[in-house]
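Read the structure below first, then the notes.
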Amino acid sequence: MPELPEVYTITNDLLKNVLGYTIRGCNITKGYIALPTNDTFTNTVINQQIVDVKRVAKNILIHLSNKSIIHFHLAMTGQILLKETDSFAFKNWLRVLLNIEKNSYTKFLAFNDMRMFGKIAIISEAQLKTLYEKYGPEPIDENLNVERLWQKLTSKRTTIKNALLDQELVAGLGNIYATDSLFLAGIHPELNTKTLTLEQTNKLVAAARQVLNEGIDHRGSTLADKMYVDIFGKAGFHQDHFKIYTKEFCPNCSSKVEFKKINGRGTYFCPKCQPLEVQVSMF
DNA sequence: ATGTTTGTTCCGAT
DNA sequence: CATCGGAACAAACA
């Protein structure tokens, strides 16, 4: 489930809580595959110190002292949990359990993934470079070049909603934050990217930046299924601040919110505040 | 039982 | 040939 704010929260908390720890044990649940292979994964991480934790788009990267990197992608249902004891970890959906130690103090770092769309992999510095290169700019980056993004958007033939989910175009938005960004920018999710104006793109980037930053401030969104929790197992609270996602009535004009599947993803929008046709003045 | 679900990738179609 | 849309990946829940 995690989108940028959730991954951001996890990455920041990991940085504060596992830096300097050395991986002393690695246990992969029977039947699960850590990439490239379980043996390679285990042999590469064992006895390595955690020297940095970074994030790119929705990926979490744990840098090790031997220059290799643990690459996590949580996809829909991945979780990373940090605990003082390992008793918790043997409940639901545990895939990989790392035993980490610093000054004889031990913690457990678990990778859970119910649906197994996520991944945990050991990658090289060269592979990491490739990973970074594949993503478009993030809206929370103040240096994002709006005009360049606009040019790329207008060169595509799809809906703006679909384009916002294309991580190679712009990174970090998922279904929830893309939906709320479009509402905040007053843009219909089915607007053809070809017809998007530079002014609309400016509004959209500003909206996405606001929505993502609010999500970060609220430590992410936890839906009813509780699939997203932080590394301490605590829920986020941005779900209490959604703009239009899951809403029945528009917070702006109180008209009925429309729900529609766009490219297979549930999309909420207000037909009145997010008109498809540009409002033309009568005079 | 059928239809949902926060993400990404692959394959057939355009 | 590049690009797009839908299916698939797998599991739980209503």
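Only a predicted model underlies this, so the values are computations on that prediction, with no experimental measurement involved. Per chain, numbering begins at 1; letters A, B, ... match sequence-line order. Just so it is clear, the values below take in all heavy atoms, side chains as well, and ignore hydrogens, waters and symmetry mates.
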Do the side-chain N or O atoms of A/Lys156 get closer than 4.0 angstrom to the phosphate oxygens (OP1, OP2) of C/dT3? no
Mind calculating the distance between NZ (A/Lys226) and C1' (C/dA14) to the nearest angstrom? 16 Å
Given C/dG5, is OP1 or OP2 found less than 4.0 Å from the side-chain N or O atoms of A/Thr158? yes
Integer-rounded Å distance: B/dT8 C1' and A/Arg265 CZ: 9 Å
A/Asn263, nearest nucleotide to its side chain (from C/dG6, B/dT8, C/dC4): C/dG6
Value in whole Å for how far the C1' atom of C/dG5 lies from CG of A/Asp166: 13 Å
Would you check, one step at a time, whether the test side chain to side chain contact (heavy atoms under 4.5 Å, CB included) holds for A/Phe249 with A/Cys270? CA-CA 8 Å; A/Phe249 298 101; A/Cys270 172; over 6 Å; no
A/Arg157 side chain: which of C/dT3, B/dT5, C/dC9 is closest? C/dT3
Has A/Phe117 got its ring stacked on C/dC9, by the test of a centre gap below 5.5 Å and a plane angle below 30°? yes
Just to confirm, is there a sub-4.0 Å distance from OP1 or OP2 of C/dA10 to any side-chain nitrogen or oxygen of A/Trp93? no
Toward the 5' end of DNA chain B, by each residue's nearest nucleotide, A/Arg115 or A/Glu168: A/Arg115
By nearest atom, which of the nucleotides C/dA12, C/dA10, B/dT8 is closest to the A/Met116 side chain? C/dA10
Taking CG from A/Asn162 and P from C/dG6, how many angstroms apart are they, rounded to a whole number? 9 Å
Just the rounded figure in Å: distance from P of B/dG7 to CD of A/Glu6. 9 Å
Please name the pair of heavy atoms, one in A/Arg265 and one in A/Asn175, separated by the smallest distance, quoted to 0.1 Å. CB-OD1, 3.3 Å
Interatomic distance, A/Met227 CE vs C/dA12 C1' [rounded to whole Å]: 9 Å
Are more than 12 heavy atoms, taken from residues, nucleotides or ligands other than A/Glu133, located less than 6.0 Å from that residue's CD atom? yes
Among B/dT9, C/dA12, B/dT5, the one nearest any side-chain atom of A/Met114 is C/dA12
Closest of C/dG5, B/dT8, B/dT5 to the A/His73 side chain is B/dT8
Common cluster, A/Val96/A/Ile10, ILVMFWY with side-chain heavy-atom separation under 4.5 Å: yes
What is the distance, to the nearest angstrom, from the OH atom on A/Tyr228 to the C1' atom on B/dG7? 16 Å
Per atom distances to the A/Phe259 side chain, the nearest of B/dT5, B/dG7, C/dA11 is B/dT5
Regarding A/Arg24 and A/Asn47, is there a side-chain donor-to-acceptor distance under 3.5 Å anywhere? yes
Near DNA chain C, counting only heavy atoms under 4.0 Å, which residues of residues 230-249 of chain A show up? none
Give me the ring orientation class for A/His218 and A/Phe237: parallel if the planes are under 30° apart, tilted from 30 to 60°, perpendicular past 60°. tilted
Base, sugar-phosphate or nothing for A/Gly264? Non-hydrogen atoms, less than 4.0 Å. nothing
Could you tell me whether A/Asp166 and A/Lys156 make a salt bridge, using a distance below 4.0 angstrom between a side-chain N and a carboxylate O? yes
Please give the distance between the C1' atoms of B/dT9 and C/dA12 as a whole number of Å. 23 Å
Picking from C/dC4, B/dT8, B/dT5, which would you name as closest to the side chain of A/Lys261? B/dT5
Between A/Gln167 (CD) and B/dT9 (C1'), how many Å, whole number? 13 Å
Hydrophobic side-chain clustering at under 4.5 Å (ILVMFWY, transitive links): who's grouped with A/Val56? Put none if nobody. A/Leu61, A/Ile69, A/Ile123, A/Leu128, A/Leu131, A/Tyr132, A/Tyr135
Is any side-chain nitrogen or oxygen of A/Lys134 closer than 4.0 Å to OP1 or OP2 of B/dT9? yes
